[in-house]
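Some notes on the structure that comes next.
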Amino acid sequence: MSFPRYTHLVFTSLSHPNLSLFNHAIRALSKTPSLCIQSIHLYLQMIRTRIKPDNFTYPFLLNSCAALSALHQGIEIHGRLFKNGYCPYIPVTNALIDMYGKCNALDRSYCVFDEMPERDVVSYNALLGAHARFGEDMNGAQRVFDRMPARNVISWNAMIVGYVNAGDLDSARSIFDKMPERNIVSWTTMLIGYTKNGIIDLARVLFDAMPDRNLVSWTAMITGYAQNGRPNEALALFRRMEKAPVKPDAVTMTSVISASAQLGGIELAEWIGSYVDREGIERNERVLTALIDMHAKCGNMEKAFRIFNEIPRPDVFSYSALINGLASHGHGMQALEIFHRMQKENIEPDYITFVGVLTACSHTGLVEDGLRFWESMVKDYRIDPDADHYACMVDILGRAGKLDEAHKLVKSMPMGPHPGALGSLLAACRTYGNVEIAESVAEQLFELEPENTGNYMLLSSIYALGERWDEAARVRTAMKERRVNKLPGCSWVEVNSNGLGFRVKN
DNA sequence: TTAGGGTTAG
């Protein structure tokens with residue numbers, strides 16, 4: 001049992017808690033997002049038992065409101081502060097500014113700020129954070145930053161966060177370079193700025209140059225690799241982390257599991273799964289969802305199901321992971337069953353869920369159902385089909401031999417021609433020996449992916465099936481002339497036979 | 001009392 005949960009349990013068994021006990025419990029609960037609501041309940045209990053909150057109660061209580069975006073509760077507490085004879089204690093007022101900022105009530109933050117007889121750097125930082133947090137108002141943030149009487153490292157870091165979230169890496173970097181002293185958060189935030197924008201190699205340069213690294217820095221770098229399709233490097237770094245003085249937690253493992261899923265090796269998946277068990281990693285919903293995805297991608301549907309059943313209230317992520325796993329392993333009917341269960345439980349599907357649903361239809365040959373789901377996706381759920389949805393739909397129509405309809409769909413794609421959809425159609429052209437459509441599709445594909453050997457081979461075999469040998473030969477010659485007969489590069493992870501480790505090879 | 005890390009897709 002985690003410490004805050006334990007606190008809560010002990011606390012509720014006490015018959016007459018005093019002010020100090022209430023304060024300790026509220027503080028402990030406010031540190032865990034899922035338990036913030038309990039700390040507000042304790043506060044209400046305090047009021048009922050006529051125990052007056054003091055200056056140590058309010059900051060943590062207001063933190064809970066901020067974490068929950070509970071504006072009304074926050075306003076009520078603010079009101080009670082006044083009623084109880086308001087003595088301007090700066091940490092409490094600062095917590096109010098911060099709470100209003102996090103509840104998206106910037107005008108109220110300013111009301112509190114303007115009324116303060118005396119402010120400290122934290123007051124300014126809280127206001128600065130309110131402007132900068134989502135990167136939406138960097139002009140406002142810059143104004144606060146410029147008029148601050150004094151700045152500390154948190155002020156500078158808040159500006160970096162803002163510019164990173166605004167996608168303005170140049171400004172973020174210029175703040176980073178200008179600041180008088182940097183701490184681990186400054187480095188890590190800048191690193192995250194690069195990883196979130198796909199500039200992974202620069203992020204790595206920063207990571208290697210950092211004076212020290214903590215759990216967040218390691219996790220951010222591993223996540224950067226995992227989210228940018230570089231699972232080998234993510235795992236290599238995870239391996240290196242074993243020698244570092246920090247231990248991976250649930251957040252780290254979520255990315256590590258995701259990287260392992262991308263590689264799809266059974267032994268690796270087993271090893272990562274047992275690592276999570278052995279090290280007692282918290283099995284929260286994100287970890288479990290990543291595990292479902294990983295085991296499903298390795299074809300271990302039994303394990304994926306077992307983990308899915310471990311989730312008390314599965315959400316759109318966990319449902320989608322399971323549906324996509326089932327669909328891509330040929331269990332189309334089962335995928336659709338799960339989808340219906342999801343609808344019955346009123347979980348709103350998203351665009352990724354529908355990729356799985358349409359994949360299930362295409363693998364199971366359910367043309368009518370596929371069309372029905374497509375329509376429902378657009379009409380009932382207002383999801384704009386993206387390239388992947390078109391690719392699935394083209395696949396469904398193509399496999400059923402409806403090549404003209406599939407071709408029409410491809411031409412109607414608002415995002416323009418796309419390799420996935422075109423590739424599906426070309427494959428269907430071979431199945432049904434349609435040279436005419438194949439030629440027009442292949443032409444577009446050669447332009448989009450001149451390096452992809454498969455497309456040339458496919459067109460060549462379509463000609464061959466129609467006994468048009470000259471043309472078949474011509475395609476192969478064209479391929480050789482364009483020097484695309486190169487084998488694609490590959491890399492893999494090798495798991496040691498004792499299951500205790502793995503190596504990344506390139 | 002103020003700043004940084006996560007899940008699902010041909």
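So you know, we letter chains A, B, ... as the sequences are listed, proteins then strands, and number each from 1. We use all heavy atoms of the structure for the numbers below, so side chains are in, but hydrogens, waters and symmetry mates are not.
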TODO: Any chance you could lay out the side-chain contact (heavy atoms from CB on, under 4.5 Å) test for A/Asp293 and A/Gln262, step after step, and finish with the verdict?
DONE: CA-CA 9 Å; A/Asp293 175 55; A/Gln262 290 171 46; over 6 Å; no
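Taking the side chain of A/Val355 as heavy atoms from C-beta on, and the options B/dG4, B/dT1, B/dA9, the nearest nucleotide is B/dA9. Comparing atom distances between the A/Lys102 side chain and each of B/dT1, B/dT8, B/dT2 picks out B/dT2 as nearest. The side chain of A/Ile352 has B/dT8 as its nearest neighbour among B/dT1, B/dT8, B/dA3. Set against B/dT7, B/dA3, B/dG5, the side chain of A/Gln227 has B/dT7 as its closest nucleotide. Ranking B/dT7, B/dG10, B/dA3 by closeness to the A/Ile154 side chain, first place goes to B/dA3. Looking at the side chain of A/Phe60, the nearest of the listed nucleotides B/dG6, B/dT1, B/dT2 is B/dT1. Comparing B/dT8, B/dT2, B/dG6 against the side chain of A/Lys297 picks out B/dT8 as the nearest.
Rounded to a whole Å, the OH atom of A/Tyr100 is 18 Å from the P atom of B/dT1. Between the CG atom of A/Asn94 and the P atom of B/dA3 there is a distance of 11 Å, given to the nearest Å. At whole-Å resolution of the value, CE in A/Met116 and C1' in B/dT1 are 9 Å apart. In this structure, A/Asn55 atom CG and B/dT1 atom C1' are separated by 11 Å, rounded to whole Å. In this entry the distance linking OH of A/Tyr351 with C1' of B/dT7 reads 12 Å, nearest Å. Summarising the geometry, the separation between CD1 on A/Ile77 and P on B/dT1 is reported as 15 Å, rounded to the nearest angstrom. Counting to the nearest Å, the C1' atom of B/dG4 and the CZ atom of A/Arg182 are 16 Å from each other. One atom, CG of A/Asp249, and another, P of B/dG4, lie 16 Å apart when rounded to the nearest Å.
Using a cut-off of 4.0 Å between Lys/Arg side-chain N and Asp/Glu carboxylate O, A/Asp98 and A/Arg133 are scored as salt-bridged. Residues A/Asp168 and A/Arg173 are not paired through a salt bridge, judged by the lack of any N-O separation under 4.0 Å between the basic side chain and the carboxylate. Ion pairing between a basic and an acidic side chain is recognised when a charged N comes within 4.0 Å of a carboxylate O; A/Asp137 and A/Arg143 show no such pairing. Contact check on A/Glu279 versus A/Lys247 returns no salt bridge, with no Lys/Arg side-chain nitrogen under 4.0 Å from an Asp/Glu carboxylate oxygen. Ion pairing between a basic and an acidic side chain is recognised when a charged N comes within 4.0 Å of a carboxylate O; A/Glu76 and A/Arg80 show no such pairing.
Base engagement by A/Asp388 is indicated by at least one non-hydrogen atom pair under 4.0 Å involving a base atom. If you check every strand for non-hydrogen atoms under 4.0 Å, A/Thr188 touches a base. Note on A/Ala250: a base of the nucleic acid sits closer than 4.0 angstrom, heavy atoms only. At a threshold of 4.0 angstrom between heavy atoms, the contacts of A/Asn63 are confined to the sugar-phosphate backbone, with no base atom among them. Looking at heavy-atom distances under 4.0 Å, A/Tyr319 makes no contact with the nucleic acid at all. Across all strands shown, A/Thr252 has heavy atoms under 4.0 Å from base atoms, whether or not it also approaches the sugar-phosphate.
Between A/Ser424 and B/dG10, a side-chain N or O to OP1/OP2 separation shorter than 4.0 Å is absent.
In summary, the aromatic rings of A/Phe308 and A/Tyr319 are positioned with their centroids under 6.0 Å apart. The aromatic ring centres of A/Phe354 and A/Tyr381 sit less than 6.0 Å apart. Aromatic rings from A/His131 and A/Tyr110 are positioned such that their centres are separated by under 6.0 Å. Aromatic ring centres of A/Trp156 and A/Phe145: separated by under 6.0 Å. For an aromatic pair to be called close, the ring centres must be under 6.0 Å apart, and A/Phe207 with A/Trp187 fails this.
Rounding to the nearest 0.5 Å places SG of A/Cys65 at 9.5 Å from OH of A/Tyr100.
For the segment residues 287-294 of chain A, the set of residues with a heavy atom within less than 4.0 Å of an atom of DNA chain B comprises A/Val287, A/Thr289, A/Asp293, in numerical order. Heavy-atom distances under 4.0 Å link DNA chain B to A/Val316, A/Phe317 of residues 310-318 of chain A, given in residue order. Looking at residues 189-219 of chain A, you'll see A/Thr189, A/Ile192, A/Lys196, A/Asn214, A/Leu215, A/Val216, A/Thr219 sit with a heavy atom under 4.0 Å from some atom of DNA chain B.
Side chain A/Asp395 to base B/dG10: no donor-acceptor pair is found below 3.5 Å.
For the residue pair A/Arg147 / A/Tyr124, no side-chain donor-acceptor distance below 3.5 Å is found, with atom types taken as modelled.
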